[in-house]
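Have a look at the structure below before the remarks.
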Amino acid sequence: MRENEGLKSLGNKDIKYSFDYNPGLLETFINKHQENDYFVKFNCPEFTSLCPITGQPDFATIYISYIPDVKMVESKSLKLYLFSFRNHGDFHEDCVNIIMKDLIKLMNPRYIEVWGKFLPRGGISIDPYCNYGRPGTRFERMAEERLFNHDMYPERVDNR
């Protein structure tokens, strides 16, 4: 079996970008290193969604970090999925929680966190963070610890 068998996005040059929220775009492949705990991190600096009240665009960098188990998310499908938020109207906090929940449903990771760093509108930026650790495992405790301490030493914000 080829490593990318069953993947529709990877290598497909005829991809049509969806402008409407679509979790069906997400695809997985098998983790070849299931015996190891390791982080996979995605930095998505061009995320956009719409304010559900004004319809104005919101811009963010979305950070997704996870510890895979059996399945991993394919990166091109993740890019297409994140792009599908372009015309999706939701608050910043909702966007990061939706992304996390969709990825949990897709992969059932050992641990995952999603952090959105949105550019300011109206003079304030909002940086929602959410995480999940598989219940009944050490990753559940890890999630609690990281949630309580995730922003103890925030970076200096001088570019937004």
Audit row: Tyr129, Val96, side-chain contact (heavy atoms from CB on, under 4.5 Å) steps and yes/no = CA-CA 7 Å; Tyr129 171 89; Val96 298; over 6 Å; no

ask   = Given Leu106 and Lys71, is the side-chain contact (heavy atoms from CB on, under 4.5 Å) satisfied, shown in steps?
value = CA-CA 8 Å; Leu106 178 77; Lys71 295 179 183 178; over 6 Å; no

key: CA sep, side-chain torsions, deciding dist, call: Phe83, Leu25, side-chain contact (heavy atoms from CB on, under 4.5 Å)   = CA-CA 10 Å; Phe83 190 85; Leu25 295 168; over 6 Å; no

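When atom types are taken as modelled, the side chain of Asn131 and the backbone of Ala143 share a donor-acceptor pair closer than 3.5 angstrom. No donor-acceptor pair closer than 3.5 Å links the side chain of Thr28 to the backbone N or O of Met107.
Val73 is not listed as a side-chain neighbour of Tyr81, based on a closest heavy-atom distance of 4.5 Å or more. Side-chain contact between Thr54 and Arg121 is present, with heavy atoms from C-beta onward closer than 4.5 Å. Counting heavy atoms from C-beta outward, Phe139 and Asp69 have side chains that stay 4.5 Å or more apart. Looking only at side-chain heavy atoms (C-beta outward), Glu46 and Leu82 stay at 4.5 Å or farther from each other. For the pair Ile99/Phe47, a side-chain contact is recorded, criterion being any heavy-atom separation below 4.5 Å from C-beta on. Tyr38 is listed as a side-chain neighbour of Pro68, based on a closest heavy-atom distance under 4.5 Å. Between Gln34 and Val70, the closest side-chain pair of non-hydrogen atoms falls below 4.5 Å. With contacts defined as side-chain heavy-atom distances shorter than 4.5 Å, the pair Leu103/Leu78 qualifies.
Side chain to side chain, Asn149 and Glu145 meet the donor-acceptor criterion of an N or O pair below 3.5 Å. With 3.5 Å as the limit, one finds no donor-acceptor pair spanning the side chains of Tyr63 and Asp127.
Note that SG of Cys51 is 6.0 Å distant from CG of Asp58, once rounded to the nearest 0.5 Å. The structure places NZ of Lys101 at 8.5 Å from SG of Cys130, a figure rounded to the nearest 0.5 Å. Atom CG of Asn22 sits about 10.0 Å away from atom CZ of Phe85, to the nearest 0.5 Å. A distance of 8.5 Å separates CD of Glu27 from CG of Leu80, quoted to the nearest 0.5 Å. Rounded to the nearest 0.5 angstrom, Leu26 CG and Ser84 OG are separated by 8.0 Å. Atom CD in Glu113 sits 8.5 Å away from atom CD1 in Ile67 (nearest 0.5 Å).
Across all their heavy atoms, Lys76 and Glu74 have their closest contact at N-OE2, 3.0 Å.
The aromatic rings of Tyr66 and Phe42 lie parallel to each other, with less than 30° between the two planes, well short of the 60° mark. Aromatic ring orientation, His92 versus Phe118: parallel (interplanar angle below 30°, classes split at 30° and 60°).
Hydrophobic clustering, with ILVMFWY side chains joined whenever heavy atoms are under 4.5 angstrom apart, keeps Leu50 apart from Phe91. When the side chains of ILVMFWY residues are joined at heavy-atom separations under 4.5 Å, either directly or via intervening members, Tyr111 and Phe148 end up in two distinct hydrophobic clusters.
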